[in-house]
Amino acid sequence: MQRTLVKAALAAEGPSDALRVQGWIRTRRDAKGLSFLELNDGSCLKNLQVLLEEGSPAYADHERYTTGSAIDVTGRLVASQGKGQSWELLADSIELVGAADSSYPLQKKRHTLEYLREIAHLRPRSNLFGAVFRMRSRLSFAIHQFFNERSFLYVHTPIITASDCEGAGEMFRVTTLDGKETDSKKDFFGKPTFLTVSGQLEAEIFATSHSNVYTFGPTFRAENSHTSRHASEFWMIEPEMAFCDLEGDMDLAEAFVKHLVADALEHCAEDLEFLNQFVDKGLLERLQFVVERPFQRITYYDAVELLQKSGKDFQYAVEKGANLQSEHERYLTEEHFKSPVTVYNYPKTVKPFYMRQNDDDATVAAMDVLVPGIGEIVGGSQREERLERLDAAIRAHDLDPEDYWWYRDLRRYGSVPHAGFGLGFERMLMFITGVHNIRDVIPFARTPGNAEF
RNA sequence: UGCUCGGUAGCUCAGUGGUAGAGCAGGUGGCUGUUAACCACUUGGUCGCAGGUUCAAAUCCUGCCCGAGCAGCCA
């Protein structure tokens with residue numbers, strides 16, 4: 001008999017004489033002549049109650065059906081006599097596929113997230129992580145759907161790269177040399193290579209051939225960061241659009257964030273309900289707000305002025321020309337606007353070389369989208385498409401134009417205004433699930449000193 | 001990398017100088033269409049590691065290890 005998923009069984013419109021389900025037991029409750037199993041197969045948050053009645057062959061071994069065990073059940077789907085579920089499975093036969101003894105680390109009670117992190121191989125079987133990773137999968141799909149609907153080309157940019165694109169922090173070295181050999185000419189690629197910190201520069205190549213493109217893949221940063229919102233390996237979405245300026249870039253970023261939130265509300269309602277109840281009581285209200293209301297936009301200089309006039313006593317003073325501190329960004333999005341806010345036109349001194357210089361000669365066409373509770377979730381810009389200005393910026397950042405020969409070529413042959421951004425997938429997931437630590441929205445977190453699973 | 005907080009039973013925690021505790025999990029028995037089931041009894045400890053102070057240290061001091069939070073870097 002073919003397997004039915006728990007999700008489908010629970011959504012049944014009528015009883016069924018023969019149904020087969022397979023999954024893992026969350027808990028068992030025994031009554032006189034009865035045994036109740038909570039069966040979960042990951043297809044949805046809820047369990048299917050499996051009922052074993054004395055006299056049935058399924059009841060005989062009921063004491064072996066312990067928490068964590070894998071079973072294969074055949075029976076009849078019937079209306080439940082008890083409260084709490086409309087359908088339950090009256091078991092005719094059960095096979096114990098894989099037993100789990102009492103050392104099974106997941107108990108039927110609340111565990112701390114820190115403890116669950118230590119058992120990352122088992123935590124997907126918990127309610128919380130079951131929900132988070134279902135949503136991670138759903139939202140990955142929604143990302144492709146969003147871009148596909150807009151005729152964006154999906155580009156696979158390289159994981160191994162020789163270019164330190166942004167000068168963006170420390171990179172992981174990729175090498176086949178043993179420790180003694182230091183001449184990188186003898187290395188596998190004949191030059192120093194690293195794990196990518198961004199697919200942007202390569203995405204720009206495809207934007208100048210296919211117009212609208214995006215990447216969605218893993219990214220690596222060797223920073224020694226110990227925060228709830230940094231990981232050494234994370235996933236990033238980077239759209240890049242030709243014939244597009246900063247305003248078009250901000251429009252897309254805002255539409256994108258809204259699309260993902262709306263998709264979660266529509267397709268992950270049950271999981272979100274659970275997260276709203278057990279992780280963040282304000283979650284659903286906040287997500288609804290984000291979908292319904294327009295994002296705020298403010299220039300960097302206006303933001304600085306607003307912060308200085310706020311009367312708020314910041315630990316770090318707000319200085320024109322300096323980067324905004326986390327506490328400043330938090331004030332803008334959490335206290336002042338109480339909504340997502342896009343800050344744009346930053347001083348060129350605090351931003352990378354590739355961002356397009358504005359006519360004021362002081363700022364670049366950069367933008368950050370800030371959201372309550374997380375901070376920066378999107379960072380993007382219009383790119384410098386004028387070769388002379390790009391070369392000047394490369395030199396001003398103490399970089400060698402020769403190293404960027406192919407990137408510069410894009411400005412020599414059919415250069416067009418173009419723009420893009422990077423959205424941190426895990427940060428987006430944190431925002432949408434209400435989970436406060438980046439280590440808990442990625443299946444196997446890589447952080448300094450931690451690569452166990 | 002800097003600052004701060006923490007590490008006690010399988011899990012979640014209380015205990016702040018004087019004989020190591022509770023709830024849950026596990027075990028035994030009972031009860032019940034149960035649903036974080038319930039009731040009674042019960043097993044379970046290198047108090048992170050090493051040193052020091054003291055008649056006496058889970059408790060105070062020092063170093064180290066591990067975890068978390070914040071900051072910086074950024075997504």
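The chains referred to below are lettered A, B, ... by the order of the sequence lines, with proteins before strands, and numbering in each begins at 1. Atom set for the values below is all heavy atoms of this structure, side chains included, hydrogens, waters and symmetry mates excluded.
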Are there any protein N/O atoms within less than 3.5 Å of an N/O atom in nucleotides 40-44 of chain B, and if so, which ones and at what distance?
none

> Less than 5.5 Å between centroids and less than 30° between ring planes, does A/F36 satisfy that with B/rG33?
Replying inline: no

> Quick one: A/Q200 CD to B/rC74 C1', roughly how many Å, whole number?
Replying inline: 14 Å

> Looking across every strand, which nucleic acid part, if any, lies under 4.0 Å from A/G82 by heavy atom: base, sugar-phosphate, or nothing?
Replying inline: base

> Taking CZ from A/F274 and C1' from B/rA36, how many angstroms apart are they, rounded to a whole number?
Replying inline: 12 Å

>> Looking at every non-hydrogen atom in both residues, tell me the closest pair between A/T433 and A/L283 and how far apart they are.
In response: O-CD2, 3.4 Å

> For B/rA75, which nucleotide in any strand shown is its Watson-Crick or wobble partner with both distances under 3.5 Å?
Replying inline: none

> Taking all non-hydrogen atoms of both residues, which atom of A/L10 and which atom of A/N47 are closest, and how far apart?
Replying inline: CD1-O, 3.8 Å

> For residues 437-453 of chain A, which residues have at least one heavy atom under 4.0 Å from RNA chain B?
Replying inline: A/N437, A/I438, A/R439

> Is the A/F146 ring parallel, tilted or perpendicular to the A/F256 ring (thresholds 30°, 60°)?
Replying inline: tilted

> Tell me the side-chain hydrogen bond (donor to acceptor under 3.5 Å, both in side chains) pairs involving residues 88-98 of chain A, sequence neighbours left out?
Replying inline: A/Q49-A/E88, A/R76-A/D92, A/S80-A/E88

> Between residues 317-349 of chain A and RNA chain B, which residues have a heavy-atom gap below 4.0 Å?
Replying inline: A/Q325, A/S326, A/R330

> Of all heavy-atom pairs between A/K338 and A/E334, which one has the smallest distance, and what is that distance?
Replying inline: CG-O, 3.4 Å

> Checking all strands, does A/I237 fall into the base, sugar-phosphate, or nothing category for heavy-atom contacts under 4.0 angstrom?
Replying inline: nothing

>> Students often mix this up, so state it plainly: with edges at 30° and 60°, are the rings of A/F425 and A/F216 parallel, tilted or perpendicular?
In response: perpendicular

> Atom CG of A/L106 and atom P of B/rG26: how far apart are they, to the nearest Å?
Replying inline: 13 Å

>> Nearest 0.5 Å, please: how far is CD1 in A/I143 from CG in A/L423?
In response: 7.0 Å

> Which pair of non-hydrogen atoms, one from A/M241 and one from A/G248, has the smallest distance, and what is that distance?
Replying inline: CE-O, 4.2 Å

>> Can you pull out the residues from residues 16-29 of chain A that lie within a 4.0 Å heavy-atom distance of RNA chain B?
In response: A/T27, A/R29

> Across the strands shown, which category fits A/S228 at heavy-atom distances under 4.0 angstrom: base, sugar-phosphate, nothing?
Replying inline: sugar-phosphate

Check nucleotides 11-14 of chain B against the protein and report each pair of N or O atoms closer than 3.5 Å, with its distance, or say if there are none.
residue	atom	partner	partner atom	Å
B/rC11	O2'	A/H111	ND1	3.0
B/rC11	O2	A/K109	NZ	2.6
B/rU12	OP1	A/T112	OG1	2.7
B/rU12	O4'	A/K109	NZ	3.4

> In Watson-Crick or G-U wobble terms, both distances under 3.5 Å, what is the partner of B/rA56?
Replying inline: none

>> Run the ring-ring contact (aromatic ring centres under 6.0 Å, His included) test against A/F421 and tell me which residues pass, sequence neighbours left out.
In response: none

> Between A/R28 and A/E38, does at least one N-O distance fall below 4.0 Å, as a salt bridge requires?
Replying inline: no

>> When you measure only distances, ignoring hydrogens and angles, does the side chain of A/Q85 come within 3.5 Å of the base of B/rU34 through a donor and an acceptor?
In response: yes

>> With the threshold set at under 4.0 Å for non-hydrogen atoms, list the residues of residues 372-384 of chain A touching RNA chain B in residue-number order.
In response: A/E376, A/I377, A/V378, A/G379

> So what does A/Y316 touch, heavy atoms closer than 4.0 Å: a base, only the sugar-phosphate, or nothing?
Replying inline: sugar-phosphate

> If pairing requires Watson-Crick or G-U wobble contacts with both distances under 3.5 Å, which nucleotide is the partner of B/rC31?
Replying inline: none

> A/R123 and A/I442: which non-hydrogen atoms are nearest, and at how many Å?
Replying inline: NH2-O, 2.9 Å

>> When you measure from the side-chain N and O atoms of A/R229 to the phosphate of B/rA71, is any distance below 4.0 Å, counting only OP1 and OP2?
In response: yes

>> I'd like to know if A/E88 reaches the base of B/rG33 with its side chain such that a donor and an acceptor end up less than 3.5 angstrom apart.
In response: yes

> Quick one: A/R117 CZ to B/rG69 P, roughly how many Å, whole number?
Replying inline: 6 Å

> So do the side chains of A/L52 and A/F36 get within less than 4.5 Å of each other, counting heavy atoms only?
Replying inline: no

> Given that both distances must come in under 3.5 Å, which nucleotide forms a Watson-Crick or G-U wobble pair with B/rC64?
Replying inline: B/rG48

>> From NZ of A/K32 over to C1' of B/rC39, roughly how many Å is that when rounded to an integer?
In response: 15 Å

> B/rA25 and B/rA37: how far apart are their C1' atoms, nearest whole angstrom?
Replying inline: 15 Å

> With the threshold set at 4.0 Å, does a side-chain nitrogen-carboxylate oxygen contact exist between A/E270 and A/K46?
Replying inline: yes

> Among pairs that include at least one residue of residues 54-64 of chain A, which meet side-chain hydrogen bond (donor to acceptor under 3.5 Å, both in side chains), considering only residues two or more places apart or in two chains?
Replying inline: A/D61-A/R64

>> Contact between A/T193 and A/T161 at the side-chain level, heavy atoms closer than 4.5 Å - yes or no?
In response: no

> In the strands shown, is B/rA22 matched to any nucleotide by a Watson-Crick or G-U wobble pair with both distances under 3.5 Å, and which?
Replying inline: B/rU12

>> Distance check, C1' atoms only: B/rG21 and B/rU43, in whole angstrom units.
In response: 16 Å

> Please give, in whole Å, the distance from B/rG69 P to A/H226 NE2?
Replying inline: 10 Å

> For the side-chain hydrogen bond (donor to acceptor under 3.5 Å, both in side chains) test, which of A/Q200, A/H397, A/Q382, A/E384 pairs with A/Y354?
Replying inline: A/Q200

>> Just to verify, what does A/F314 make a ring-ring contact (aromatic ring centres under 6.0 Å, His included) with, not counting sequence neighbours?
In response: A/H328, A/Y331

>> Could you report the tightest heavy-atom contact between A/V441 and A/R136, atom names first, then the distance?
In response: O-NH1, 2.9 Å

>> What's the gap between B/rU32 and B/rU16 when it is taken at their C1' atoms, as a whole Å value?
In response: 45 Å

>> Strictly below 4.0 Å, N to O, side chains only: are A/R330 and A/E335 in salt-bridge contact?
In response: no

>> Can you list everything that forms a side-chain hydrogen bond (donor to acceptor under 3.5 Å, both in side chains) with A/T342? Sequence neighbours excluded, please.
In response: A/E254

>> Of the options B/rG72, B/rC70, B/rU34, whose atoms approach the side-chain atoms of A/S225 most closely?
In response: B/rG72

> What is the distance from CG of A/L128 to C1' of B/rA36, rounded to the nearest Å?
Replying inline: 16 Å

> Between atom CG in A/L37 and atom P in B/rU34, what is the gap in whole Å?
Replying inline: 16 Å

>> With salt bridge (charged side-chain N to carboxylate O under 4.0 Å, His left out) as the criterion, how do A/R286 and A/D280 come out once you've worked through the C-alpha distance, each side chain's angles and the decisive distance to 0.1 Å?
In response: CA-CA 10 Å; A/R286 194 163 62 245; A/D280 183 343; 2.8 Å; yes

>> Using the ring centroid of each side chain, check whether A/Y154 and A/Y214 are separated by less than 6.0 Å.
In response: yes

> What are the residues of residues 65-72 of chain A, sorted by number, that bring a heavy atom to within less than 4.0 Å of RNA chain B?
Replying inline: none

>> For A/R150, I'd like to know if atom CZ has over 12 heavy atoms of other residues, nucleotides or ligands within 6.0 Å.
In response: yes

